[in-house]
Amino acid sequence: MSASAYPGDGQHTAIQAYGIAPPGYRLPAATRLGAVRLQVADLARSLEWYGRVLGLVPLDDESLDREPLGHEPLDGSPSPREPLDRPGRVARLGAFGAGTPLVELRERPGAAPVPRRGRLGLYHYAILLPDRPALGRFLRHLSDIGERAGMSDHFVSEALYLTDPDGLGIEMYADRPRGAWRHEDRQLSMTTIPLDVEAVLGAAGGERWSGMPSGTVLGHVHLYVADLERAAAFYHAGLGLDKTVWNYPGALFLSAGGYHHHLGINTWATGAVPAGPDEARLLEWEVVVPSSRDAAEAIASISAAGGMVEHSADGGVARDPWGTAVRVRGVG
């Protein structure tokens with residue numbers, strides 16, 4: 001495998017033999033994902049499921065007297081605010097003892113579940129476990145509690161797929177070592193084949209699942225979109241993610257820093273429309289960059305590419321062409 005350095009933007013120093021860099025602004029190699037913010041119908045029901053099945057625990061819980069994130073207009077238009085039936089509640093969930101949430105649940109009482117064919121917006125969000133043994137323990141746990149899951153091997157990772165009580169998609173996965181990833185003609189090799197269940201279970205040894213382990217992070221987000229070219233103009237040329245896989249049927253995968261993907265987009269929800277305000281949905285996902293300057297540059301790049309943006313002290317929020325909100329936040 002031959003390698004070539006990142007183009008000289010001063011931010012990328014790793015050697016990377018695959019991927020297509022964006023034409024202008026490029027996210028720093030240290031980019032990672034923050035929390036996903038989800039709208040759910042019944043917070044108590046969701047908390048029970050996320051605790052029992054995923055092993056996530058509330059980091060705090062407070063009442064809100066305003067609408068969930070994701071409803072504020074980004075173009076300054078005077079659209080009316082949408083009232084809740086009663087004050088909503090929010091819960092931030094993470095691994096036990098963690099200070100950083102992976103998932104934020106915002107209640108909208110009576111929100112309709114995701115229909116079977118899906119809505120433009122969330123396909124799934126993906127929680128990255130520290131290693132294969134943790135995935136094996138989680139798989140055995142699902143069997144113990146009778147929870148059904150899809151299972152796939154993607155070459156770069158091994159994954160389990162679940163659906164929460166509102167129909168929102170979740171992936172739990174573990175990466176293979178980067179040294180084992182393959183590529184050809186600057187494109188990573190990713191596919192979907194059956195998971196070797198016995199091998200994954202065997203990696204767990206005799207240890208049982210005891211909740212979401214320390215070191216777990218949000219690995220990627222995968223979205224339904226209506227058009228890959230328009231989505232690439234927003235997320236590749238605007239936000240500044242590299243393309244890593246582009247020959248997967250109806251899909252495109254993008255990342256920063258040589259990861260296999262921080263974002264997947266696909267057109268598999270044929271004929272779907274964006275999720276509405278009274279439906280369970282993704283309200284916002286978060287891209288975390290090393291500094292507020294990095295965040296401001298990313299937001300400016302999206303604006304220059306024609307996206308609607310809203311600035312904040314540590315970055316800002318932008319919406320893709322189908323209304324999915326992404327927050328870019330600097331941490332330094």
_Check: R137 side chain, R132 main-chain N or O, donor-acceptor pair, under 3.5 Å_ = no
_Tell me whether E158 contacts the main-chain N or O of L135 through its side chain, where contact means a donor paired with an acceptor under 3.5 Å._
no
*Taking atom types as modelled and ignoring hydrogens, do the side chains of Y50 and D164 form a donor-acceptor contact shorter than 3.5 angstrom?*
yes
*Give a yes or no on whether L47 and L162 share a hydrophobic cluster (residues Ile, Leu, Val, Met, Phe, Trp, Tyr; joining criterion: side-chain heavy atoms under 4.5 Å apart).*
yes
*Indicate yes or no for a side-chain donor-acceptor contact from S255 to the backbone of H262 under 3.5 Å, with no hydrogens or angles considered.*
no
*Strictly by modelled atom types, are D242 and Y18 linked by a side-chain donor-acceptor pair under 3.5 Å?*
no
*Mind checking the CG-CE spacing from N247 to M190? Nearest 0.5 Å is all I need.*
10.5 Å
*Shortest non-hydrogen contact from T324 to G121?*
OG1-CA, 3.5 Å
*Do L282 and L120 belong together in a cluster built from hydrophobic side chains that touch within less than 4.5 Å?*
yes
*asked:* Any side-chain to backbone donor/acceptor pair from R186 onto G19? Under 3.5 Å, distance only.
replied: yes
*asked:* Evaluate D153 against R176 for side-chain contact (heavy atoms from CB on, under 4.5 Å), listing each step before the verdict.
replied: CA-CA 10 Å; D153 184 327; R176 286 195 167 93; 2.9 Å; yes
*Audit row: L56, F96, side-chain contact (heavy atoms from CB on, under 4.5 Å) steps and yes/no*: CA-CA 7 Å; L56 290 170; F96 180 76; over 6 Å; no
*Relative to F155, does R182 satisfy both conditions: NZ or CZ under 6.0 angstrom from the six-membered ring centre, and within 45 degrees of the ring's axis?*
yes
*Between atom CG of D185 and atom CH2 of W246, what is the distance when rounded to the nearest 0.5 Å?*
8.5 Å
*Can you measure from CG (L283) to CG (L105) and round to the nearest 0.5 angstrom?*
10.0 Å
*Evaluate the side-chain contact (heavy atoms from CB on, under 4.5 Å) criterion for residues E286 and R329: first the C-alpha distance (whole Å), next the side-chain angles of each, then the deciding distance (0.1 Å), finally the verdict.*
CA-CA 7 Å; E286 187 175 57; R329 177 171 63 86; 2.8 Å; yes
*Just by modelled atom types, is the L241 backbone N or O under 3.5 Å from a matching donor or acceptor in the H236 side chain?*
yes
*Verify same cluster id: W209, L128 (apolar side-chain graph, 4.5 Å)*: yes
*Before accepting this row, confirm whether a basic side-chain N of the pair R230/D320 lies closer than 4.0 Å to the acidic partner's carboxylate O.*
no
*In terms of hydrophobic clusters joined by side-chain contacts under 4.5 Å, are L142 and V103 together?*
yes
*What distance separates D144 CG from F138 CZ, expressed to the nearest 0.5 Å?*
11.5 Å
*asked:* Pair R89, D42 - check salt bridge (charged side-chain N to carboxylate O under 4.0 Å, His left out), show working.
replied: CA-CA 10 Å; R89 294 181 298 154; D42 184 328; 5.4 Å; no
*Exercise: identify the closest heavy-atom pair between Y25 and S301*: CB-OG, 3.5 Å
*Determine, for D166 against R45, whether the closest basic-nitrogen to carboxylate-oxygen distance falls under 4.0 angstrom.*
yes
*Would you say the ring centroid of Y123 lies under 6.0 angstrom from that of W268?*
yes
*Under 3.5 Å, is there a donor-acceptor pair between the side chain of W285 and the main chain of V221?*
no
*asked:* Could you see if L195 belongs to whatever hydrophobic cluster contains Y161? Use Ile, Leu, Val, Met, Phe, Trp, Tyr and a side-chain cutoff under 4.5 Å.
replied: no
_NZ/NE/NH1/NH2 to OD/OE distance under 4.0 Å, E104 and R106_ = yes
*At what distance, to the nearest 0.5 angstrom, does CE of M151 lie from CD1 of I193?*
15.0 Å
*Heavy-atom donor-acceptor pair, T216 side chain to P213 backbone, under 3.5 Å*: yes
*L139 CG to L201 CG distance, which is reported to the nearest 0.5 Å*: 4.5 Å
*Go through the side-chain N and O atoms of Y248 and T191 and say whether any donor and acceptor fall under 3.5 Å apart.*
no
_Taking the ring centre of each residue, are F253 and H222 less than 6.0 Å apart?_
yes
*Check: G264 main-chain N/O paired with H220 side-chain donor or acceptor under 3.5 Å*: no
*Judged by atom type as modelled, is there a donor-acceptor pair below 3.5 Å linking the side chain of Q187 to the main-chain atoms of E184?*
no
_Taking H260's backbone N and O only, do any of them form a donor-acceptor pair with T244's side chain (distance below 3.5 Å, no angle check)?_
yes
